[in-house]
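Data block below; observations after.
In the text below, chain A, chain B and the rest are named by the order of the sequence lines, each starting its count at 1.
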Amino acid sequence: MIVASWNVNSITARLPHVLGFLESVSPDFLCLQELKCIDEKFPFAEIEKLGYQALVNGEKTYNGVAILTKGHSVELISKALPHSPEPVQSRLIEAKVDDCFLLNLYVPNGSEVGSNKYEYKMLWFEALLTYINEKHKPEDKLIVVGDFNIAPEDRDVHDPDLWKGAVLVSDKERALFQRLAAFPLLDSFRLFESEGGFYSWWDYRQMAFRRNNGLRIDHILITKPLQSVLKRSWIDKATRKLDKPSDHAPVLIELDL
DNA sequence: ATGGTGGTCGTACCA
């Protein structure tokens with residue numbers, strides 16, 4: 001069973017790549033972030049043509065998340081994040097798939113340390129911690145995926161000195177991520193790879209991808225009951241090399257389920 | 001050089 005997560009930076013602009021990914025990788029579940037469209041404009045028909053069902057929490061111009069599934073039972077659990085700061089945005093969708101919970105997130109970017117958007121990110125993440133602790137137990141089979149907009153450690157950053165203290169790597173953001181990890185939720189990628197140099201996002205500017213100037217900010221976290229069936233965790237860097245790519249690459253896990 | 005690219009929308013805003 002393959003679970004993938006991908007910030008597509010507009011489902012409309014990226015539809016050909018998404019359809020190609022569904023055909024070539026054939027994931028059981030694909031979690032999308034940054035749809036940048038309302039539910040009514042989501043390309044259900046093209047995606048259903050490939051045998052996928054879509055659960056969508058859309059929003060005009062910004063944000064928006066979806067869970068695509070093929071060949072599994074799926075039940076919507078939530079599109080709402082209680083205690084979210086204002087304004088409420090479409091950044092969460094959770095489904096129950098078979099006997100697992102799949103929680104798909106688009107964590108706020110935060111803009112700049114100390115800005116209003118940074119404060120929004122802190123409050124949103126606090127609400128997320130409350131949500132997970134109230135709705136789930138460590139014994140649950142729970143997969144939390146998405147664009148976390150946090151590089152957990154310096155080995156997840158191409159140039160830690162350059163990025164030191166900046167948004168996406170600041171101590172306060174990393175402390176929030178660690179509180180999530182303490183649930184406990186395990187960073188699937190780090191169960192297999194301890195080296196640096198592996199990233200999921202590269203800025204469109206300054207030939208960042210060609211120079212591998214990236215950050216690992218997209219994650220797939222799992223609870224302990226899933227650890228024994230986790231077979232691998234990887235980043236599909238090839239997708240970032242396509243014409244007109246998203247600035248994020250898909251991240252994936254394979255589970256023996 | 002204090003920018004730089006890309007998506008949305010039809011302009012600034014967001015990442």
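- Electrostatic pairing of K137(A) and D140(A) counts as a salt bridge here, judged by a charged N lying under 4.0 Å from a carboxylate O.
- Across all non-hydrogen atoms, the minimal contact from V25(A) to I2(A) is O-CD1, 4.4 Å.
- The side chain of K36(A) contributes no N or O atom lying less than 4.0 Å from OP1 or OP2 of dC14(B).
- Of the charged side-chain nitrogens involved, at least one lies within less than 4.0 Å of a carboxylate oxygen, so that R216(A) and D187(A) count as a salt-bridged pair.
- Each of D203(A) and K60(A) was matched to the nucleotide of DNA chain B holding its nearest heavy atom; the match closer to the 5' end belongs to D203(A).
- Taking atom CZ of residue R240(A) and atom C1' of nucleotide dG6(B), one finds them 10 Å apart after rounding to whole Å.
- Taking the C1' atoms as reference points, dA15(B) lies 14 Å from dG4(B), given to the whole Å.
- Atoms CG and NE2, on D99(A) and H72(A) in that order, are 11.0 Å from each other to the nearest 0.5 Å.
- With rounding to the nearest 0.5 angstrom, the CG atom of D147(A) is 4.0 Å from the CG atom of N149(A).
- At whole-Å resolution of the value, OH in Y204(A) and C1' in dG6(B) are 6 Å apart.
- If you take CG of N63(A) and C1' of dA15(B), they are 10 Å apart, rounded to a whole angstrom.
- Contact annotation: R14(A) side-chain N/O to dG7(B) OP1/OP2 distance is under 4.0 Å.
- Here S111(A) lies out of heavy-atom contact (under 4.0 Å) with every strand.
- Heavy atoms of R91(A) sit under 4.0 angstrom from primed sugar atoms or phosphate atoms, though from no base atom.
- Rounded to whole Å, atom C1' of dC14(B) lies 11 Å from atom CZ of R205(A).
- Distance check, rounded to the nearest 0.5 Å: CH2 of W202(A) to CZ of R210(A) gives 15.0 Å.
- In this entry the distance linking OH of Y106(A) with C1' of dC14(B) reads 8 Å, nearest Å.
- Remark: the separation of the P atoms in dG10(B) and dC14(B) is 15 Å, to the nearest Å.
- Residue N109(A) has its side chain nearest to dA15(B) when only dA15(B), dC14(B), dG6(B) are considered.
- Using a 4.0 Å heavy-atom distance criterion, F209(A) is classed as making no nucleic acid contact.
- For the pair P245(A) and D147(A), nearest-nucleotide mapping onto DNA chain B gives the more 5' position to P245(A).
- Contact annotation: K117(A) side-chain N/O to dC14(B) OP1/OP2 distance is under 4.0 Å.
- Atom CD of Q89(A) is separated from atom P of dC14(B) by 10 Å (rounded to the nearest Å).
- The interatomic distance linking Y62(A) (OH) with dC13(B) (P) rounds to 8 Å, in whole Å.
- In this structure, dC13(B) forms a base pair with dG7(B), meeting either the Watson-Crick or the G-U wobble geometry with both donor-acceptor distances under 3.5 Å.
- For A13(A), the listed nucleotide lying nearest its side chain is dT8(B); candidates were dC14(B), dG6(B), dT8(B).
- dT5(B) atom C1' lies 15 Å from atom CG of N7(A), rounded to whole Å.
- Set against dG4(B), dC13(B), dA15(B), the side chain of Q206(A) has dG4(B) as its closest nucleotide.
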